[in-house]
Amino acid sequence: MTATGMRIIASKEFSDHLRSRRFHLLFAILAVVAAVGMITGAVQYTKDLSDYNAVQMIAENEDDPTLAGNLAGLKPSILSAYSQMGMLMAGIGVVLGIAMGFDLVTREKESKSLKSLLAYPVFRDEVINGKALGGVGAIALAMGVVLVVSVAIMTLFGIVPNVDELLRVLVFGVTSFLLVFTFFALALLMSTVSKDSGSALLYSLIVMIVLSSFVPIFAYTPIYSAVFGDAPTPPGMSTYSYQQSSSAYTVTSVAVAYKSDDAVDPEALEEYERTSREYMNQKRTITDIVTLISPTGNYQTILGAISQPAGDNTPGLGSLIGALVCNIIALLAMPAAFFGLAWVRFMREDIR
Amino acid sequence: MIRCDHLTKIYNGVPAVDDLCLEIPAGEVFGLLGPNGAGKSTTILMLVGLIQPTSGACYIDGVEVAAHPIEVKKKIGYMPEDVGFYADLAAEENLDYAARFYGLSEAERKRRVDDLLALVGLDGVGTKVGGYSKGMRQRLGLARALVNDPAVVILDEPTANLDPRGVLDYRRIVRSLADRGTTVLVSSHILPEVSKVCTSVGILARGRLIASGDREMLSRAAMQDRVTIDVETVTPMPRLTNPEVLSAEYSQDACSARIVAKHDISGFIAETLYAEGILPRRLAVEMPDMEDILLSYYTEGTA
């Protein structure tokens, strides 16, 4: 492989993205959404910090060590502002990723330029690598600009992050980039397997919905209960569910728990604790797996962890990343898998 | 310059190109003819390194295409049948992008792009390629095939969408390429075009090369040593007796005849008519045109 062909293609793709109206539009929406999210978050952070300071002052005045201790882990973090922004990013960023990747290969097929492109002195892998690199460059630029805008807004609100917070902001940026890149790689894959851009977009949206909405529903309690059974009922307590429905809509759904006055059998209680623990462990495992499969699930888990309130008990960034290693690996592995499949498919593309 | 050595390509068990052996010397303008599905485009795709042969090999300037595709691609210029461009770029931007792959400097690229656009008559066209007609795209495709000043130019249906002026320009360009010693391979359905620009021709049918050579040789072979002579006279003519005559069909009034002979005996017929005092109205020797030659080979090849 020579780098020249890949560099030429990557540079054209990067320039095409930056000149594309689609990119301008989505980037503008992303920037506005990020700014709005950031402003909302900054306002909320300022209010939370003010409340925290007020309560802390009361604790100090009344010399209440319990209240002071309880407040230790509740100091609002600057990253809470990013939490707001991240929720919005999870929607727009995913669309941006798909919009940038879904027609990268199909556009060449539709304009009939693929045959000519492959007839230039360039290897096939340079073509797909160059296209991916150009897209990654444009995404990185977009995310970088959004991150700079977010820090600028924070500064405007008089919020100055320390080194640890800046590192967390950076982690947020990298994670957001990986989320967008995941869906970009997915769209690129669909672009290599589809005959036209319309089909590629449709398949990308279907997989996106499956990964972002369909898979996570297995972690929701009602769905989980329906698939894996209800949580064990405590001894001496019975739960009845009553549901009346017509063919068109559900009218009533009531769950009633009765507590018996009889003494609880200790063995039954022990059995309940054991089955309950097993049930919760199984549920946690399923939830973890579901989260790992869903890129947005991983993104939100990482985002939630890095934006948790700062305080004496807050884990450092290093230990936080250690705890999130599975989510980080999953967020790296998924785009790698999508890109790998796109690469293999493109290398085997039948040119006629 | 171009050599196919038992070249075979099989799609789903069906041979698209079947044991093709072909050699095109340097400086030749070679026409590759054949009906739809004959394997012309598949042969070309293997020659430009876009698909791998199932067996056999093809060589450009002695370099095996499948083994050294990049080296070969640097030597060739290719215009596909369905020529495509980036619609949102201007002609010079499309050509400049193509030229970058050949490692040309910016100044060299600029010079070549300007020259080529002038050559194909697209200089001064300001619109993006998306607004081009099919004929303009075809012209631009020809320019792109020449952007690296290749030793071998491969053109797939180059005149399919050209207007008469475009066809004349195309012929001029191909002839000037041939004059400079460039080898040109033209695949075309437009038979008169092939006969006008090609110095030799190969005919493909069902993936096999059923005939190749210069035009005269092919027409001799197609005629299978037979000449057809149409004779029309004012008054009835006598039956012609000549050992060269293979068959003769006369009209009821004996004023017209279609003679098939081993050689051209039009002189003998004229003398006979003169001796008999018969005034000839028409005496024509039928020479097969390219279409006749091709059809005779297609019939033979698919039989």
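Source: prediction; values computed, not measured. In what follows, chains carry the letters A, B, and so on, assigned in the order in which the sequence lines appear, proteins first and then strands, with residues in each chain numbered from 1.
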- Going from NZ on Lys115(A) to CG on Leu50(B), what distance comes out if it is rounded to the nearest 0.5 angstrom? 7.5 Å
- Note on the structure: Taken to the nearest 0.5 Å, the spacing of Ser11(A) OG from Arg100(B) CZ works out to 6.0 Å
- Message: Looking at Tyr120(A), I'd like to know if the NZ or CZ of Lys73(B) sits under 6.0 Å from its six-membered ring centre while staying within 45 degrees of the ring's axis.
- Response: no
- Query: Under a 4.5 Å heavy-atom cut-off, does chain A meet the side chain of Gln52(B), its backbone, both or neither?
  - Reply: neither
- One option among Ala87(B), Ala98(B), Pro80(B), Pro69(B) has the most heavy-atom pairs under 4.5 Å with chain A, and it is Ala98(B)
- Item | chain B-proximal positions within residues 103-114 of chain A [heavy-atom distance under 4.5 Å] | Glu108(A), Ser111(A), Lys112(A), Ser113(A)
Check whether any side-chain heavy atom of [X] sits under 4.5 Å from a side-chain heavy atom of [Y], and report yes or no.
{"X": "Leu118(A)", "Y": "Tyr78(B)", "value": "no"}
{"X": "Phe101(B)", "Y": "Leu117(A)", "value": "yes"}
{"X": "Tyr97(B)", "Y": "Ile8(A)", "value": "yes"}
{"X": "Lys12(A)", "Y": "Leu89(B)", "value": "yes"}

- Answer yes or no: are there more than 12 heavy-atom neighbours, outside Tyr132(B) itself, under 6.0 Å from its atom OH? yes
For residues 41-49 of chain B, dump all side-chain donor-acceptor pairs below 3.5 Å to protein atoms at least two apart in sequence or in another chain.
residue, atom, partner, partner atom, Å
Ser41(B), OG, Asp156(B), OD2, 3.1
Thr43(B), OG1, Gly39(B), O, 2.6

